[in-house]
Amino acid sequence: IVDEFQDTDAVQNEIFSRIFVQNEGWKGNLLFVGDPKQAIYAFRKADVYSYIQARKHFSSSEIQTLSVNFRASPSVVAAQNCLFASSSLFYLPKTATTLTCLSSTSGGKTPDIDISDGRGAVHFFMAKDRLGRKRRWPHDVIEKRLFSWISDEVIHLFRHGISLSQ
């Protein structure tokens, strides 16, 4: 089992491929667990393209997709589906394609918390201040706006009876 496979790099992918894919004696003894939307460790050379390349070694019948989210409330899952429905969010310049993101459903284990303030369950901030893969963070203007908003939101939720543990 290779958990968090989306965080592997090309060298690690090659090692797994040689041992478990190209070696007939070990073929079928490998399980990758990963989510390409979470491939965020570029500073460690983790690469979503390695994930995509590794998927090509498996037929569609060998790939299982987990489509039920048991960790998030229904409104958070709905917001996530809305965000990931935009194919332009995951543009892959090396292949001039986009990463397809399947929607998920809520397992209903985490209830929605209704504070009836008319605001959504999830708020997104898109930082556009970057140079290639090197993000310019922290950035003074972004920090002041974002951290101020976060503290205001925590106070707002607290005033509506939402504890930090929720």
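- With sequence neighbours left out, Thr105 forms a side chain to side chain contact (heavy atoms under 4.5 Å, CB included) with Val68.
- A donor-acceptor pair under 3.5 Å is absent between the side-chain atoms of Asn23 and the main chain of Arg18, judged by distance alone.
- Remark: Lys37 is positioned above the aromatic ring of Phe84, its terminal NZ or CZ atom under 6.0 angstrom from the ring centre and at most 45 degrees off the axis.
- When side chains are defined from C-beta on, Ile52 does not count as touching Pro36, because their heavy atoms never get closer than 4.5 Å.
- By the 4.5 Å heavy-atom criterion applied to side chains, Asp152 and Trp149 are not counted as neighbours.
- Contact check for Gln80 versus Asn69: side-chain heavy atoms found under the 4.5 Å cut-off.
- In terms of modelled atom types and a separation under 3.5 Å, the side chain of Asp3 and the main chain of Phe32 share no donor-acceptor contact.
- Between Val33 and Leu31, the closest side-chain pair of non-hydrogen atoms falls below 4.5 Å.
- With hydrogens and angles disregarded, no donor-acceptor distance shorter than 3.5 Å links the side chain of Tyr91 to the backbone of Thr97.
- A heavy-atom distance below 4.5 Å is found between the side chains of Thr95 and Tyr49.
- Remark: of the listed residues Arg159, His160, Glu153, Glu153 is the sole one forming a side-chain contact (heavy atoms from CB on, under 4.5 Å) with Leu157.
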Practice problem: Please report the C-alpha distance between Gln53 and Ser50 in whole Å, then the side-chain angles of each, then the deciding distance to 0.1 Å, and finally whether the side chain to side chain donor-acceptor pair (under 3.5 Å) criterion is met. | Solution: CA-CA 5 Å; Gln53 185 63 34; Ser50 293; over 6 Å; no

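- Contact of the Gln22 side chain with the Glu14 side chain is registered, since non-hydrogen atoms from C-beta on lie closer than 4.5 Å.
- Annotation: side chain of Phe16 is not in contact with side chain of Val21 (no heavy-atom distance under 4.5 Å).
- A donor-acceptor pair under 3.5 Å is formed between the side chain of Gln12 and the backbone N or O of Asp9.
- If you take CD1 on Ile15 and OG1 on Thr8, they are separated by 10.5 Å, rounding to the nearest 0.5 Å.
- Taking every heavy atom of both residues into account, His57 and Glu62 meet most closely at O-OE1, 4.3 Å.
- Annotation: side chain of Leu92 is in contact with side chain of Leu99 (closest heavy-atom distance under 4.5 Å).
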